[in-house]
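Every number for a ligand or one of its atoms is a count from 1 in the order of the listing. Nothing fancy with the numbering, it's 1 onward along the sequence. Everything numeric here is computed off the predicted structure, so don't read it as measured data.
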Amino acid sequence: MTLKNEIKAYCDEIGVDLFGVTSTEPFERYLSELDERKGHYEQRWGYRIENWKKMATPKKIMPDAKSVIVIGYYFLTPPPAEEGHRGKMGRIVAFGHLAILKKVRLLAKFLESKGHKAVTGGHRKEAAIRAGLAQVGKHDLLINEKYGSWVAYQSIITDAELEIDAPCTEDVCGDCEKCIEQCPTEALYEPCRVNPLKCVCGLLTAPEIPQEHWDKLGLYILGCDVCQECCPKNEGLEPRQGVESLLPGWIGVDPLLAEMLKLDEKGFQTKVIPYITRKITGSTLLGFMTRYGWVKKLLKKIKGGGSKETVPETFVTASGKLEVYKRNAILAAGTIGSPDLKKFVEPYLEHPALAKYARWSIERMNS
Ligand code: B12
Ligand code: SF4
Ligand code: SF4
């Protein structure tokens, strides 16, 4: 058996759905896009840009690197419950991000056990295209032939010399423009290009949400799946069964808004961020502490190699701060507009940071 086949067999064993290999050439299109669109990323992700660039130039990470391995995990789960007034979270949040992180770390450990070096957290999107796994759709997400866009990706830079796969070159979208038409905030300003400052996913974790977007967030309180749910390439896909949340105690991807709005700091610490609970008390330590405290704790929990990959930022910032969830739940309650929710929003009319959102929400319930 070749080393590549051995690695592939291991991936099957640990439940990896997609596996491909590409070369260590720099991902040029990504590097030039990032330079051109730096203004979109500097404010929120400034501290990560240099690392993204390095990860997109594999030899800067590992001068004797020979291959880049890309893996994918299909994370479509059954549709959320519908009864009650519920908020929504992007589907990748509950399982996708953490599942793929767990698998990539196991794979890194496997490569190390074979005497190879392995650095996780390498560049993903262009790497997946070049490894023949997917093509980018006009919504700027990767589309795989079998699993559509419901796939989380990770990659490993390694000194193992593996046979390179043929890149994906097909045009997946043709004349379709559904995602561009249905994006609620016009964040998809050109095919394959999203403005993160307008994308609902970015807005929901920003410290402030400009009022012009309040009525466009739908019921989302974390993430957004609109451009994936309307995509014909995702039609008819069977949800993954038997997936257990990797976050015990997690309030769910479809939390009841009343429950979210009633949650106190203690409930938040046990139902929403159980990993932080045991590490730090109180969300005031957010920012720095959350990023490092929770991540450290979480990585300790997930068995695997010595990766420096961090938990996705949407998770860290939004899961770490009760106020962010509450703000988003207040706006979702206003979008539903049901007077039943008024009593849960009213307590925030005096809140120093949330009062303006609460006033808007209640106005919607009264009209
Ligand atoms: C920052 C970030 C965000 C930001 C900014 C998104 C962005 N695209 O830049 C925000 C918060 C908005 C976001 C949102 C989401 N994200 Co995000 N995000 C990232 C992150 C951490 C970095 C992205 C980045 O480097 N951007 C920089 C810009 C320059 O890159 P880019 O947009 O990809 O640019 C490419 C395109 O413009 C393309 N392109 C342009 N023109 C053309 C023309 C052609 C012909 C082609 C082929 C390509 C092409 O080429 C560029 C270079 O590759 C990655 C993980 C990672 N480390 O890579 C995840 C990642 C991209 N996110 C992911 C997901 C799932 C999401 C959400 C669906 C989450 C959700 N439901 O809540 C949304 C979807 C929004 C959307 N429509 O893309 C997945 C995508 C998986 C997939 N199937 O594609 C990733 C890869 C994480 C993962 N582990 O799997 N995200
Ligand atoms: S995730 Fe939502 S806001 Fe972002 S591009 Fe897709 S539809 Fe638009
Ligand atoms: S909705 Fe249409 S244009 Fe958008 S990604 Fe899917 S196929 Fe492509």
Side-chain angles (χ1 to χ4, degrees), residues 18 27-38 40-41 44-45 48-49 51-53 55-56 71-75 88-93 96-101 104 121-130 133-144 147-155 167-206 213 216-218 220 222-235 309-310 312-315 317-318:
L18 298 176
F27 298 99
E28 297 293 357
R29 178 169 54 196
Y30 175 79
L31 290 165
S32 69
E33 285 277 337
L34 189 56
D35 265 350
E36 221 172 276
R37 291 150 56 191
K38 212 171 173 180
H40 282 165
Y41 296 91
R44 287 282 301 284
W45 294 275
R48 291 174 79 179
I49 289 179
N51 195 43
W52 288 348
K53 280 187 174 168
M55 287 301 191
I71 58 168
Y73 177 77
Y74 176 59
F75 62 80
K88 283 169 100 174
M89 297 197 199
R91 285 169 131 150
I92 197 168
V93 171
H97 277 320
L98 293 181
I100 193 72
L101 195 56
V104 81
H123 178 74
R124 293 147 220 192
K125 277 164 81 175
E126 291 286 335
I129 297 171
R130 222 163 69 183
L133 300 182
Q135 181 58 286
V136 73
K138 289 181 188 170
H139 52 16
D140 196 23
L141 290 163
L142 295 172
I143 299 180
N144 167 268
Y147 298 116
S149 64
W150 304 113
V151 179
Y153 292 89
Q154 276 286 348
S155 76
C168 206
T169 50
E170 61 165 330
D171 165 16
V172 278
C173 296
D175 293 336
C176 177
E177 298 226 312
K178 272 194 176 169
C179 53
I180 297 179
E181 288 155 13
Q182 295 201 21
C183 171
T185 53
E186 295 174 6
L188 295 169
Y189 62 101
E190 273 175 29
C192 310
R193 288 186 178 88
V194 63
N195 178 348
L197 304 172
K198 285 177 94 178
C199 176
V200 170
C201 299
L203 289 170
L204 289 175
T205 53
H213 296 305
K216 297 177 188 148
L217 306 169
Y220 282 104
L222 183 64
C224 167
D225 283 343
V226 172
C227 54
Q228 299 186 80
E229 278 175 351
C230 71
C231 176
K233 299 285 170 183
N234 282 344
E235 256 168 37
E309 175 63 289
T310 55
E313 198 202 7
T314 41
F315 247 40
T317 48

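- For Ala152, no nitrogen or oxygen atom sits less than 3.5 Å from a nitrogen or oxygen atom of ligand 1, counting backbone and side chain alike.
- His40 approaches Trp45 most closely through the heavy-atom pair O-CZ3, 4.0 Å.
- At a 4.0 Å heavy-atom cut-off, ligand 2 touches Leu188 through the side chain alone.
- When Tyr41, Tyr153, Trp150 are checked for heavy-atom proximity to atom 7 (C) of ligand 1, Tyr41 turns out nearest.
- You'll find the side chain of Tyr220 reaches within 4.5 Å of the side chain of Asp225, heavy atoms only.
- For atom 7 (S) of ligand 2, the closest non-hydrogen atom on the protein side is Cys227 N, 3.4 Å.
- Closest heavy-atom approach to atom 47 (C) of ligand 1 within the set Asp35, Val136, Asp140: this belongs to Val136.
- Nearest heavy atoms, Leu18 versus Val151: CD1-CG1, 3.9 Å.
- In terms of polar-atom proximity, Ser149 is counted as a contact of ligand 1, with an N or O under 3.5 Å from an N or O of the ligand.
- When non-hydrogen atoms are compared, ligand 1 lies under 4.0 Å from neither the backbone nor the side chain of Arg91.
- Interface atoms of ligand 1 facing Val151, defined by a heavy-atom separation under 4.0 Å, are 81 (C), 82 (C), 83 (N).
- Contact check on Glu36 versus Arg29 returns no salt bridge, with no Lys/Arg side-chain nitrogen under 4.0 Å from an Asp/Glu carboxylate oxygen.
- Contact annotation for Arg37 and ligand 1: only side-chain heavy atoms (C-beta onward) come within less than 4.0 Å of the ligand.
- The closest approach between a heavy atom of Gln228 and any atom of ligand 1 is below 4.0 Å.
- Considering only non-hydrogen protein atoms, atom 6 (Fe) of ligand 3 sits nearest to Cys231 SG, 2.4 Å.
- Ranking the protein heavy atoms by distance from atom 4 (Fe) of ligand 3 puts Cys179 SG, 2.3 Å first.
- Look at Cys224 and atom 4 (Fe) of ligand 2: no N/O/S atom of the residue is under 2.8 Å from the metal.
- Remark: Lys138 does not engage Glu190 in a salt bridge, criterion side-chain N to carboxylate O under 4.0 Å.
- Atom 50 (O) of ligand 1 has its nearest heavy-atom neighbour, among Glu126, Arg124, His97, in Glu126.
- For atom 8 (Fe) of ligand 3, the closest non-hydrogen atom of the protein is Cys173 SG, 2.3 Å.
- Considering only non-hydrogen atoms, atom 69 (C) of ligand 1 lies nearest to Cys201 out of Cys201, Ala134, Cys173, Gly148.
- A donor-acceptor pair under 3.5 Å links the side-chain atoms of Asn144 to the main chain of Leu133, judged by distance alone.
- Closest non-hydrogen pair, Leu141 versus Cys227, comes out as CD1-SG, 4.3 Å.
- His123 contributes atom NE2, which lies 8.0 Å from atom CG of Leu31 (distance to the nearest 0.5 angstrom).
- Of the possible polar contacts, one joining the Thr185 side chain to the Lys198 backbone as a donor-acceptor pair under 3.5 Å is found.
- When side chains are defined from C-beta on, Val226 counts as touching Pro184, because their heavy atoms get closer than 4.5 Å.
- Taking the six-membered ring for Trp and the full ring otherwise, Tyr73 and His97 have centroids separated by 6.0 Å or more.
- The residue His40 has no part lying near ligand 1, judged by heavy-atom distances below 4.0 Å.
- When only interatomic distances are considered, the shortest N/O to N/O separation between Asp225 and ligand 1 falls below 3.5 Å.
- Atoms of ligand 2 lying under 4.0 Å from at least one heavy atom of Val226, given by number and element, are 7 (S).
- Ligand 1 has no N or O atom lying under 3.5 Å from any N or O atom of Leu141, backbone or side chain.
- Interface of Val194 with ligand 2, defined as ligand atoms under 4.0 Å from a residue heavy atom, comprises 5 (S).
- Remark: the backbone N or O of Pro191 is not paired with any side-chain donor or acceptor of Asp140 at under 3.5 angstrom.
- Distance alone, capped at 3.5 Å, places no donor-acceptor pair between the Tyr30 side chain and the Ala127 backbone.
- Ligand 1 places these atoms under 4.0 Å from at least one heavy atom of Cys227: 77 (N).
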Worked check of salt bridge (charged side-chain N to carboxylate O under 4.0 Å, His left out) between Arg193 and Glu33: CA-CA 9 Å; Arg193 288 186 178 88; Glu33 285 277 337; 2.5 Å; yes
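- From the protein, the heavy atom lying nearest to atom 3 (S) of ligand 3 is Cys176 O, 3.1 Å.
- Below 4.0 Å from some heavy atom of Thr185 lie the following atoms of ligand 2, by number and element: 3 (S).
- Between the side chain of Gln135 and the backbone N or O of Glu170 there is at least one donor-acceptor pair closer than 3.5 Å.
- Atoms of ligand 2 lying under 4.0 Å from any heavy atom of Cys199, numbered from 1 in the order shown and given with element: 1 (S), 3 (S), 4 (Fe).
- Contact atoms of ligand 1 toward Gln135: 47 (C) (distance under 4.0 Å to a heavy atom of the residue).
- The heavy-atom pair separating Leu142 from Ala134 by the smallest distance is CB-CB, 3.8 Å.
- Selection from Phe27, Trp45, Trp52, Phe75 by nearest heavy atom to atom 20 (C) of ligand 1 gives Trp52.
- Residue-ligand proximity, Gly223 to ligand 1, at heavy-atom distances under 4.0 Å covers atoms 72 (O).
- Asn195 places no side-chain N or O within donor-acceptor distance of the main-chain N or O of Ala187, the cut-off being under 3.5 Å.
- The closest donor-acceptor contact from the side chain of Ser149 to the backbone of Ile143 lies at 3.5 Å or more, if one exists at all.
- The distance criterion of under 3.5 Å between nitrogen or oxygen atoms is not met by Gln154 with respect to ligand 1.
- Here the side chain of Lys233 pairs a donor or acceptor atom with the backbone of Val172 at under 3.5 angstrom.
- Ligand 1 has a nitrogen or oxygen under 3.5 angstrom from a nitrogen or oxygen of Tyr30.
- Atoms of ligand 3 found under 4.0 Å from any heavy atom of His139 (numbered from 1 in listed order, with element): 5 (S).
- With a 4.0 Å heavy-atom cut-off, ligand 1 is reached by the side chain of Lys125 but not by its N, CA, C or O.
- When the heavy-atom distances from atom 36 (C) of ligand 1 to Ala128, Pro191, Cys192 are ranked, the shortest goes to Cys192.
- Contact atoms of ligand 3 toward Lys178: 1 (S) (distance under 4.0 Å to a heavy atom of the residue).
- Ile100 does not count as a contact of ligand 1, since none of its heavy atoms falls under 4.0 Å from the ligand.
- Annotation for Ala152 and Ile100: closest pair O-CD1, 3.6 Å, computed over non-hydrogen atoms.
- Below 3.5 Å of separation, one finds an N or O of Cys224 facing an N or O of ligand 1.
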